[in-house]
Peer 1: 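The structure follows.
Values below: all heavy atoms of this structure, side chains included; hydrogens, waters and symmetry mates excluded.
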Amino acid sequence: QAQLVESGGGLVQPGGSLRLSCAASISVFSIKGMSWYRQAPGKQRELVADMVSSGTTVYADSVKGRFIISRDGAKNTVYLQMNSLKPEDTAVYYCNVIDDYDRNYWGQGTQVTVSS
């Protein structure tokens, strides 16, 4: 069972960076899968980054080389480091986890706006 609280969104200029945080109520090492999704206005929700318990990661082609998903066991937190941000990265970002009992949980969402 997990409760997720997201933070770190905001307004940033193109080329800038942000780090999103997703604090979990359980150890990240009790989570089978950790993912970040995003949804822009008028667009479908898309998978941005995924990490399985082994640490293997998968990224959407649109963010490869710019975004990094990571975890901090001491803080029970999952992160999404976003670099070289583009206006098309503007969206609401959601974290998602699957726990050891195959239960799914979602964060509340955090707005990221990339604009001059």
Side-chain angles (χ1 to χ4, degrees):
Q1 182 177 340
Q3 184 174 13
L4 311 179
V5 179
E6 298 182 35
S7 62
L11 175 64
V12 65
Q13 293 185 339
S17 298
L18 284 174
R19 187 179 71 168
L20 305 183
S21 299
C22 180
S25 60
I26 62 172
S27 171
V28 296
F29 300 107
S30 298
I31 298 171
K32 290 184 178 179
M34 300 160 283
S35 301
W36 287 93
Y37 291 79
R38 68 185 181 188
Q39 187 165 20
K43 305 292 185 180
Q44 292 183 298
R45 184 185 65 184
E46 66 172 332
L47 177 66
V48 175
D50 181 74
M51 177 185 285
V52 297
S53 59
S54 66
T56 300
T57 57
V58 177
Y59 297 93
D61 288 342
S62 59
V63 307
K64 283 182 179 178
R66 300 189 297 119
F67 289 12
I68 302 171
I69 185 172
S70 63
R71 63 192 181 196
D72 185 331
K75 298 180 179 179
N76 294 335
T77 300
V78 180
Y79 300 99
L80 184 68
Q81 178 68 45
M82 305 185 295
N83 301 314
S84 301
L85 283 162
K86 305 174 181 179
E88 51 264 43
D89 294 318
T90 296
V92 177
Y93 285 72
Y94 299 90
C95 63
N96 171 264
V97 305
I98 302 172
D99 69 13
D100 286 339
Y101 299 95
D102 293 322
R103 296 177 295 197
N104 287 271
Y105 300 90
W106 291 89
Q108 82 280 10
T110 186
Q111 176 71 46
V112 172
T113 302
V114 185
S115 176
S116 298

Peer 1: According to a hydrophobic-cluster definition based on side-chain heavy atoms being under 4.5 Å apart (Ile, Leu, Val, Met, Phe, Trp, Tyr only), do Ile69 and Tyr105 belong together?
Peer 2: yes
Peer 1: Trp36 and Glu6: which non-hydrogen atoms are nearest, and at how many Å?
Peer 2: CZ3-OE1, 3.7 Å
Peer 1: Let me know which of Gln44, Arg45, Glu46 forms a side chain to side chain contact (heavy atoms under 4.5 Å, CB included) with Gln39.
Peer 2: Arg45
Peer 1: Is Tyr93 linked to Tyr59 within one hydrophobic cluster, defined over Ile, Leu, Val, Met, Phe, Trp and Tyr using a side-chain heavy-atom separation of less than 4.5 Å?
Peer 2: yes
Peer 1: Applying side chain to side chain contact (heavy atoms under 4.5 Å, CB included) to Met82 and Val112, what does each step give before you reach the verdict?
Peer 2: CA-CA 10 Å; Met82 305 185 295; Val112 172; 3.8 Å; yes
Peer 1: For the residue pair Gly107 and Leu4, what are the closest heavy atoms and their distance?
Peer 2: N-CD1, 3.7 Å
Peer 1: Which heavy atom of Thr57 sits nearest to which heavy atom of Met51, and what is that distance?
Peer 2: CG2-CE, 3.6 Å
Peer 1: So Tyr37 and Trp106, would you call those rings parallel, tilted or perpendicular, with 30° and 60° as cut-offs?
Peer 2: tilted
Peer 1: Which heavy atom of Ser54 sits nearest to which heavy atom of Thr56, and what is that distance?
Peer 2: OG-OG1, 3.2 Å
Peer 1: Can you list every salt bridge (charged side-chain N to carboxylate O under 4.0 Å, His left out) pair that touches residues 52-64, not counting sequence neighbours?
Peer 2: Asp61-Lys64
Peer 1: Checking Tyr79 against Thr77 for the side chain to side chain contact (heavy atoms under 4.5 Å, CB included) test, could you report, in this order, the C-alpha distance in whole Å, the side-chain angles of both residues, the deciding distance, and whether it holds?
Peer 2: CA-CA 7 Å; Tyr79 300 99; Thr77 300; 3.5 Å; yes
Peer 1: By the disulfide (SG to SG under 2.5 Å) test, which pairs, at least two apart or in different chains, include something from residues 71-116?
Peer 2: Cys22-Cys95
Peer 1: Which pair of heavy atoms, one from Ser35 and one from Leu47, lies closest together, and at what distance?
Peer 2: CB-CD1, 3.8 Å
Peer 1: Output, in order, the C-alpha distance, side-chain angles, deciding distance and verdict of side chain to side chain contact (heavy atoms under 4.5 Å, CB included) for Ser115 and Leu11.
Peer 2: CA-CA 7 Å; Ser115 176; Leu11 175 64; 4.2 Å; yes
Peer 1: Do Leu85 and Val48 share a hydrophobic cluster (ILVMFWY, side-chain heavy atoms under 4.5 Å, transitive)?
Peer 2: yes
Peer 1: If you group Ile, Leu, Val, Met, Phe, Trp and Tyr by side-chain heavy-atom gaps below 4.5 Å, do Met34 and Ile68 land in one group?
Peer 2: yes
Peer 1: Determine whether Leu18 and Val92 fall in the same hydrophobic cluster, where Ile, Leu, Val, Met, Phe, Trp and Tyr are linked whenever their side-chain heavy atoms lie under 4.5 Å apart.
Peer 2: no
Peer 1: Looking at Thr90 and Val114, what are the two nearest heavy atoms and their distance?
Peer 2: OG1-N, 2.9 Å
Peer 1: Start with the C-alpha gap between Arg38 and Val63, add the side-chain angles, then the distance that decides, and say whether side chain to side chain contact (heavy atoms under 4.5 Å, CB included) holds.
Peer 2: CA-CA 12 Å; Arg38 68 185 181 188; Val63 307; 3.9 Å; yes
